[in-house]
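What follows is a single structure, written as structure tokens, with notes after it.
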Amino acid sequence: MRKSLYREESVLLRQSLRQARRSVGMSQVELGEALERPQSWVSQVERGVRRLDLVELSDYCQALGIDLASFVKTFNRELAKLRQKDGAN
């Protein structure tokens, strides 16, 4: 099994985090400030250099003003589409 960092699911998670940030109109700098982290930390998360644990994901969502459960629900919906697409190939 490949390392989870390189799996399509991880790529989707990073894309979802970036999209969530952009959808609320926040820059990486602004999100970093809200999280009391440098912009480089946000960049590392979005590029897959750094991973989030559940507590950090909750903080990330809170800083964006989005509900963690809603974020996960949306991610799961997109993940199902990805898996369906992969199964069709």
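These figures come from a predicted structure and were not determined experimentally.
With hydrogens and angles disregarded, no donor-acceptor distance shorter than 3.5 Å links the side chain of Arg50 to the backbone of Gln44.
Residues Val55 and Leu64 fall into different hydrophobic clusters, defined by Ile, Leu, Val, Met, Phe, Trp and Tyr side chains chained together at heavy-atom separations under 4.5 Å. Connection of Leu52 to Phe71 is established within a shared hydrophobic cluster, with ILVMFWY side chains joined at heavy-atom distances below 4.5 Å, either directly or through further cluster members. Val42 and Val24 end up in the same hydrophobic cluster when Ile, Leu, Val, Met, Phe, Trp and Tyr side chains are linked at under 4.5 Å.
Taking the side chain as every heavy atom from C-beta outward, Leu17 and Leu57 approach each other to under 4.5 Å.
Remark: Arg21 CZ to Ser16 OG distance equals 13.0 Å, nearest 0.5 Å. We find the CG-CG distance between Asn76 and Leu82 to be 12.0 Å, quoted to the nearest 0.5 Å. Distance check, rounded to the nearest 0.5 Å: CG of Leu68 to SG of Cys61 gives 5.0 Å. Atom CD in Glu78 sits 13.0 Å away from atom NZ in Lys73 (nearest 0.5 Å). Residue Ser27 holds its OG atom at 7.0 Å from CD of Glu33, rounded to the nearest 0.5 Å. In this structure, Leu12 CG and Phe75 CZ are separated by 4.5 Å, a value rounded to the nearest 0.5 Å.
Look at Glu56 and Arg37 and you find a salt bridge, because one of the NZ, NE, NH1 or NH2 atoms lies within 4.0 Å of a carboxylate O, short of that distance.
Residues Gln28 and Gln39 come closest through the heavy atom pair OE1-NE2, 2.5 Å. Taking both residues in full, the closest heavy atoms of Ala34 and Met26 are given as CB-CE, 4.2 Å, listed atom of the first, atom of the second, then distance.
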Walk me through whether Glu9 and Arg83 qualify under salt bridge (Lys or Arg N to Asp or Glu O under 4.0 Å).
CA-CA 9 Å; Glu9 295 91 334; Arg83 289 180 174 158; 3.4 Å; yes

